[in-house]
Amino acid sequence: MEDKLLKYIKTAIHKREAFYEPIPNVGKIIFNKVVPYFFLYRIPASGRKRSTISDLAKSQLASIIIKSEKDKKVDQFLIKIIETIQEEFGSCLIIELWVDAESDNDVSIHVAQKVALPLAEYIHKNLRIEAPDLQTNIVKQKKTPHNPYFSPLFPLTELQENNIFSIGLSIQNTYFHASGTLLPLLERHFRESMSKTLSRTFFEYVRLYTNLNPAKFKLNITKEITPNIIEIDKALLAESQRFDFLMLVTPTNVQEAWQTFKNNRFAKNPVFQYRPMPIDPDLVKRNLYNLPIEDILDPNIAYLFRDKRRELDEMMSMLDDRNSPDFVHGSLQVFGNVSDQLLHVAEAIITVIDSNGIHAQTSTSKLNAREFAQLATAEIEYLKLQYPELNTTVRVRDDVSGVMVNRGVLNISTNYKISKERAEALIQHEVGTHIATYFNGKVQPLQLFSLGVPGYEKLQEGLAVFSEYMVDGLSNERLKILAARVICVRHMLMGNSFVDTFSLLVEQYDFSEDTAFHITMRVYRGGGLTKDAVYLQGLIELIEYLRQGNDINILTIGKIRKDYIPIIQDLIQRGYLSQPAVRPRYLSEAYLPRLDMIKKEGSVFKLIK
């Protein structure tokens with residue numbers, strides 16, 4: 001190998017400067033960041049280079065791809081690089097991967113050093129989590145793991161003496177059909193599962209086997225997020241901003257419909273009117289599926305984007321079916337169903353509240369829309385003290401029903417009124433949660449987190465309701481409404497009419513006619529929207545999350561969902577995401593004792609007064 005190239009690489013390692021260098025007639029060495037580990041892929045000169053493994057290599061911070069015959073010069077070149085890494089960091093981990101078509105397992109993890117066995121077990125555990133369909137096993141051996149076509153780079157004794165760790169991964173071609181045809185979905189599943197497992201393993205190695213801080217090996221976002229990731233993120237944002245889903249499925253004539261419904265003695269289903277459709281759903285779908293998400297090598301980012309594209313696709317179908325019987329089928333896909341367990345909890349909440357005989361004494365004095373807007377504006381100023389770039393406003397308008405946040409802007413109906421006792425709770429719900437998480441998402445390199453990851457509504461609304469509890473504003477009446485929404489969604493899904501569900505709330509659950517109408521309207525809007533069931537479900541899941549001792553602060557990083565938290569933590573660790581820019585008031589020191597109570601005695605029934 002050229003002495004000049006080796007000298008350059010050794011200097012770059014010592015200076016901790018990223019490098020990407022072709023190795024003439026042999027391969028390439030890529031260190032997006034100088035780290036004490038790398039992924040090694042060696043291919044015989046006469047062998048076939050597997051794009052799946054090459055793409056897997058490219059998804060890691062550091063990798064070396066070699067295609068050559070057995071060549072001592074190539075081996076010496078690799079050895080010198082490994083020794084330089086070991087000199088710089090005190091240790092080095094090599095994970096080498098090769099194809100073994102004769103293996104009985106999809107993935108075999110080869111390890112010879114006892115000290116490296118925990119890493120092999122970590123790989124095995126993570127593969128079983130990421131890809132339980134793959135057959136994996138650990139092969140303990142007495143010689144250095146390596147591609148059997150080539151020679152081992154170091155004898156086992158030398159590895160142990162120099163604090164160099166070597167693990168081998170032999171894989172079956174599980175993503176090929178017996179005829180030799182590539183099966184793209186299986187190939188993607190394999191590559192992404194392996195990529196996530198390797199990324200975690202490398203960071204686990206840094207954490208456990210070195211004295212280094214894993215945080216120092218995060219990516220430099222301004223340099224390392226590839227242009228195609230940025231372009232697709234922008235495209236998804238642009239397509240999403242062409243429409244406002246909730247605005248388009250919420251009636252514009254709620255007050256008029258209520259008056260007509262009342263005049264008809266609650267016997268005739270109301271007729272709702274909606275905003276004109278500003279988009280062609282088919283064109284939006286075409287734009288979405290023209291996005292080359294398959295070209296993204298990072299598995300977590302690719303998964304996030306594909307998942308968001310699928311959700312937007314389903315929302316387009318819902319808008320296409322607005323005010324028709326098919327709308328509800330799309331709603332089930334996007335927002336989910338009501339489980340029997342959730343229904344039973346909702347019914348139990350109402351039973352307990354009604355049986356305890358305690359009713360909050362609310363004053364007759366109410367704030368109008370303008371007065372409530374002033375309180376919301378003051379809360380926004382509180383957030384702006386932490387993040388001056390938080391530019392938003394509060395709008396009082398006559399074409400919305402109630403209160404809603406749209407892209408970081410709080411919209412309030414002109415005829416909206418709220419009791420003083422409920423005002424602070426709703427401020428934390430709308431400003432402290434919805435607006436705060438929107439702008440925390442906006443400061444992230446990926447705008448997907450302000451837009452909202454697929455299915456974010458459950459956690460987002462659960463956190464928003466929890467904020468009401470944190471400021472001691474979650475009344476029994478409010479809990480009863482959340483429970484009633486669940487019951488209404490189930491009642492609607494069973495085929496009952498608007499009048500049937502309205503009557504159920506009034507006659508069986510003793511709601512006022514006005515309140516029952518608005519609960520029912522929210523559930524039947526668009527043709528049947530199951531979204532309102534997520535408030536109570538999200539609250540229950542959040543309480544369980546906190547009871548297990550998990551961190552609430554990470555939930556404010558953007559509009560995320562609970563099962564994405566491991567992905568979020570991985571992206572924070574690797575530098576893709578930063579910590580929240582603003583911390584809502586309800587998570588300040590004064591309110592933490594209420595959080596501690598939930599952690600110790602967590603149950604939704606503990607919230608009943």
*Under the side-chain contact (heavy atoms from CB on, under 4.5 Å) criterion, do Asn476 and Asn356 qualify, and how do the steps go?*
CA-CA 10 Å; Asn476 286 358; Asn356 70 13; 3.8 Å; yes
*Output yes when a side-chain donor or acceptor of Arg422 lies under 3.5 Å from a complementary backbone atom of Gly473, and no otherwise.*
yes
*Could you tell me whether the side chains of Ser331 and Thr530 share a donor-acceptor contact shorter than 3.5 Å?*
yes
_Euclidean distance, Leu385 CG relative to Ile380 CD1, rounded to 0.5 Å_ = 12.5 Å
_Quick one: does any side-chain atom of Arg547 pair with a main-chain N or O of Ser603 as donor and acceptor, under 3.5 Å?_
no
_If we count only N and O atoms by modelled type, under 3.5 Å, do the side chains of Ser578 and Gln444 hold a donor and an acceptor together?_
yes
*Electrostatic pair Arg310:Glu314 at N-O distance under 4.0 angstrom*: yes
*Please test Leu463 against Thr556 for side-chain contact (heavy atoms from CB on, under 4.5 Å), starting from the C-alpha separation and ending with a verdict.*
CA-CA 9 Å; Leu463 182 62; Thr556 68; 4.2 Å; yes
*asked:* I'd like to check Phe466 versus Leu546 (side-chain heavy atoms, cut-off strictly below 4.5 Å). Are they in contact?
replied: yes
*asked:* Assess whether a salt bridge exists between Lys262 and Glu513, defined as any Lys/Arg side-chain N lying under 4.0 Å from an Asp/Glu carboxylate O.
replied: no
*asked:* Can you see whether Lys268 engages Thr260 through a side-chain donor-acceptor pair at a distance of less than 3.5 angstrom?
replied: no
_Whether over 12 other heavy atoms sit under 6.0 Å from Arg275 CZ_ = yes
*Is there a donor-acceptor pair closer than 3.5 Å between any side-chain N or O of Thr501 and the backbone N or O of Thr520?*
no
*Are Pro584 and Thr433 close enough that some pair of their side-chain heavy atoms sits under 4.5 Å apart?*
no
*Are side-chain heavy atoms of Pro580 and Asn553 found at a separation under 4.5 Å?*
no
_Heavy-atom pair with the smallest gap, counting every atom of Pro281 and Asp320_ = CG-OD1, 4.0 Å
*Using a distance-only test with no angle check, is there a side-chain donor-acceptor pair under 3.5 angstrom linking Glu421 and Ser475?*
no
*Kindly say whether Leu332 contributes a backbone atom to a donor-acceptor pair with the side chain of Asn337 at under 3.5 angstrom?*
no
*Using a 4.5 Å cut-off on heavy atoms from C-beta on, say whether the side chain of Met404 contacts that of Met247.*
yes
*Under the salt bridge (Lys or Arg N to Asp or Glu O under 4.0 Å) rule, what do Glu477 and Lys480 come out as? Steps first, then yes or no, please.*
CA-CA 5 Å; Glu477 288 74 15; Lys480 185 176 177 180; over 6 Å; no
*Flag side-chain contact, heavy atom, 4.5 Å: Met521 against Phe272*: yes
_Atom CZ of Arg395: over 12 foreign heavy atoms under 6.0 Å_ = no
*Passes side-chain contact (heavy atoms from CB on, under 4.5 Å), Ile568 versus Leu577? Steps please.*
CA-CA 8 Å; Ile568 302 299; Leu577 300 180; 3.9 Å; yes
*Please report the shortest heavy-atom distance between Lys531 and Tyr535, naming the atom on each side.*
NZ-OH, 3.2 Å
_Check: Asn253 side chain, Gln273 main-chain N or O, donor-acceptor pair, under 3.5 Å_ = yes
*Please work out which of the three classes, parallel, tilted or perpendicular, describes the rings of Phe327 and Phe245, given edges at 30° and 60°.*
parallel
*Regarding Asn440 and Tyr387, is there a side-chain donor-to-acceptor distance under 3.5 Å anywhere?*
no
*Could you tell me whether a side-chain N or O of Glu371 sits under 3.5 Å from a main-chain N or O of Asn368, the two making a donor and an acceptor?*
yes
*Is any side-chain heavy atom of Tyr416 closer than 4.5 Å to a side-chain heavy atom of Val396?*
no
*Is the closest basic N to carboxylate O distance between Asp532 and Arg525 below 4.0 Å?*
yes
*Would you kindly say whether His434 and Glu461 are connected by a side-chain donor-acceptor distance under 3.5 Å?*
yes
*Take Val465 and Arg478 through the side-chain contact (heavy atoms from CB on, under 4.5 Å) test and state the conclusion after the steps.*
CA-CA 9 Å; Val465 173; Arg478 171 68 167 158; 4.2 Å; yes
*Got a salt bridge between Arg306 and Asp313, using NZ or NE/NH1/NH2 to carboxylate O under 4.0 Å?*
no
*Are Tyr469 and Val604 side-chain neighbours, meaning at least one heavy-atom pair lies under 4.5 Å?*
no
_I need the minimum non-hydrogen distance between Ala533 and Leu342, along with the two atoms involved._
O-CD2, 4.0 Å
*Roughly how far, to the nearest 0.5 Å, is the OG1 atom of Thr250 from the CZ atom of Arg522?*
8.0 Å
*asked:* Please find the pair of heavy atoms, one from Gly441 and one from Gln447, that lie closest to each other, and give the distance.
replied: O-NE2, 4.3 Å
*Do the side-chain N and O atoms of Lys458 and Gln537 include a donor-acceptor pair separated by under 3.5 angstrom?*
no
*Indicate the ring-plane relationship of Tyr303 and Tyr564, choosing parallel, tilted or perpendicular according to the 30° and 60° boundaries.*
tilted
_When you measure from the side chain of Arg309 to the backbone of Ile293, do you find a donor-acceptor pair of N or O atoms at a distance under 3.5 Å?_
no
*Would one find more than 12 heavy atoms of other residues, nucleotides or ligands at under 6.0 Å from atom CZ of Arg286?*
no
*Spacing of CG belonging to Asn411 relative to CG belonging to Asp399, to within rounding of 0.5 Å*: 8.0 Å
*asked:* Nearest 0.5 Å, please: how far is CD1 in Ile349 from CG in Leu479?
replied: 6.0 Å
*Are any side-chain N or O atoms of Tyr438 and backbone N or O atoms of Val409, one a donor and one an acceptor, separated by less than 3.5 Å?*
no
*Answer whether the closest heavy-atom distance between the side chains of Leu236 and Leu288 falls below 4.5 Å.*
yes
*asked:* A quick test of your reading: do over 12 heavy atoms of other residues, nucleotides or ligands sit less than 6.0 Å from NZ of Lys417?
replied: no
*Donor + acceptor pair across side chains of Ser324, Asp326 (<3.5 Å)*: no
_Strictly distance-based, threshold 3.5 Å: is any side-chain N or O of Asp280 a donor or acceptor partner for the main-chain N or O of Asp282?_
yes
*How close do Lys609 and Asp472 get, heavy atom to heavy atom, and via which atoms?*
NZ-OD1, 3.4 Å
*Kindly give the heavy-atom pair with the smallest separation between Ile543 and Ile598, and that separation in Å.*
CG2-CG2, 4.1 Å
*Looking just at side-chain N and O atoms, do Asn228 and Asp295 make a donor-acceptor pair shorter than 3.5 Å?*
no
_One pair to check against ring-ring contact (aromatic ring centres under 6.0 Å, His included): Phe517 and Phe498. What are the steps and the verdict?_
CA-CA 9 Å; Phe517 175 83; Phe498 186 103; 5.7 Å; yes
*Begin from the C-alpha positions of Arg407 and Asp244 and carry the test salt bridge (Lys or Arg N to Asp or Glu O under 4.0 Å) through to its verdict.*
CA-CA 9 Å; Arg407 295 172 192 154; Asp244 186 310; 5.1 Å; no
_Distance alone, cut at 3.5 Å: any donor-acceptor contact between the side chains of Gln255 and Gln259?_
no
*Can you tell me if Tyr274 uses its side chain to pair, donor with acceptor, with the backbone of Gly526 under 3.5 Å?*
yes
